[in-house]
Amino acid sequence: MENKVKAGIMGVCIGDALGVPVEFKKREDLKRSPVTKMLEYMSWNQPKGTWSDDSSLTLCLAEELTKGYDLESIGQSFVKWNKYGHWTAHGRLFDIGGTTRHALARLIKGESAKFSGNIFEEDNGNGSLMRILPLAFYLENDIQKLYLTVKEVSAITHGHFRSVFACFIYVIFTIQLLKGKSKREAYAYTQKIALDYSEEQGFNPNEIELFRRILKNDVSQYPEDEIKSGGYVLHSLEASLWCFLNSESYSEAVLKAVNLGEDTDTTGAITGGIAGIYYGYEGIPQEWIAELARKDDIEELCEKLHQKLMN
């Protein structure tokens, strides 16, 4: 498992750091000069290897899981990030989504993490999907417990069903990769389990229909120009699965994700997590690992989480 924890979390951070310098760039521009390595400055004026809120909140969640599962502590860890730069690449925050900011403002005022998240349809950015990966290490196959835990952790910031269900699909898929299933087996299993569960629970069929391209069709078969890469949670989930299913290595998957343009750091992070787990830590280019900000701190945290999961 250790390798997988490190591979998944490092996978998120490196995908994120590759995307930070070109965030908001259009796909056409990246077609002309694609990202092929770690860049610096540009969009956020950050040094090479800098990761954003995606990794920060993933690392906050991972750190809290080293102590066991406590929803309020996870919420407070996000507050520490927001107020004091906890788990930032260089001691200060430079990027935060609107929905996350509103939710954390409620936590700062004393609201419980159970009720802090935004729940409206327009609050379906990718801000909970980008940080949910560590739950895959922590959760077993009890699908009911898995759904409820993912729902709680997503809803610290993103409480609408669509965000929760996107996280649920991603975590199921990630758990299957952790079990050593092939991409195709993991994908087919995820489709079946998510659809069966949604039927059992009587979830709103109109919401489930929005996931048709992922759950009822094969998202990998869509042409690139039908894959969107902005900040909407459904597009981020589609894009990350599309990049992962249509690539043969960690670097190919994350570069494909980043070069889709728009929300490059988040598409890179979400893709990077599953690609890291699938291809293993050794599958991540060493030079990218070497360039990553706070690499040793991240590795130490991964080791701690691994130890906790082993006990």
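None of the values given here were measured: they were computed from a predicted structure.
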Nearest heavy-atom neighbours spanning [X] and [Y]:
{"X": "S220", "Y": "R184", "answer": "OG-NH2, 2.8 Å"}
{"X": "R106", "Y": "S116", "answer": "NH1-O, 2.5 Å"}
{"X": "C167", "Y": "I132", "answer": "CB-CG1, 4.0 Å"}
{"X": "I274", "Y": "S240", "answer": "CD1-O, 4.2 Å"}
{"X": "T264", "Y": "V22", "answer": "OG1-C, 3.4 Å"}

Carboxylate-amine/guanidinium contact [X] [Y], below 4.0 Å:
{"X": "D263", "Y": "K228", "result": "no"}
{"X": "E121", "Y": "R162", "result": "yes"}
{"X": "R294", "Y": "D297", "result": "yes"}
{"X": "K31", "Y": "E224", "result": "yes"}
{"X": "D29", "Y": "K26", "result": "no"}
{"X": "E238", "Y": "R213", "result": "yes"}

Determine yes or no for a side-chain-to-main-chain donor-acceptor pair under 3.5 angstrom, with [X] supplying the side chain and [Y] the backbone.
{"X": "S236", "Y": "N126", "value": "no"}
{"X": "H86", "Y": "N82", "value": "no"}
{"X": "Y279", "Y": "I284", "value": "no"}
{"X": "W81", "Y": "C60", "value": "no"}
{"X": "S154", "Y": "V150", "value": "no"}
{"X": "T50", "Y": "Q46", "value": "no"}
{"X": "T271", "Y": "A253", "value": "no"}

Count I, L, V, M, F, W, Y as connected when their side-chain heavy atoms are under 4.5 Å apart, and connections chain through other members. Are [X] and [Y] then in the same cluster?
{"X": "L104", "Y": "I119", "answer": "no"}
{"X": "M38", "Y": "F94", "answer": "no"}
{"X": "I143", "Y": "F165", "answer": "yes"}
{"X": "V254", "Y": "V20", "answer": "no"}

Step by step, work out the side chain to side chain contact (heavy atoms under 4.5 Å, CB included) result for T174 and Y278.
-> CA-CA 9 Å; T174 305; Y278 187 75; over 6 Å; no
May I ask you to decide if the ring planes of Y187 and F173 are parallel, tilted or perpendicular, using 30° and 60° as cut-offs?
->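 Judged by the thresholds at 30° and 60°, the geometry between Y187 and F173 is perpendicular.
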Check against side chain to side chain contact (heavy atoms under 4.5 Å, CB included), D95 and D265 = CA-CA 11 Å; D95 186 13; D265 55 337; 3.7 Å; yes
Take atom CD in Q144; do more than 12 heavy atoms of anything else shown fall under 6.0 Å from it?
->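 Counting other residues, nucleotides and ligands, CD of Q144 exceeds 12 neighbours.
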Pick from F203, F168, F211: which one makes a ring pair (Phe, Tyr, Trp, His ring centres under 6.0 Å) with F161?
->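 When F203, F168, F211 are each tested with F161, the ring pair (Phe, Tyr, Trp, His ring centres under 6.0 Å) holds only for F203.
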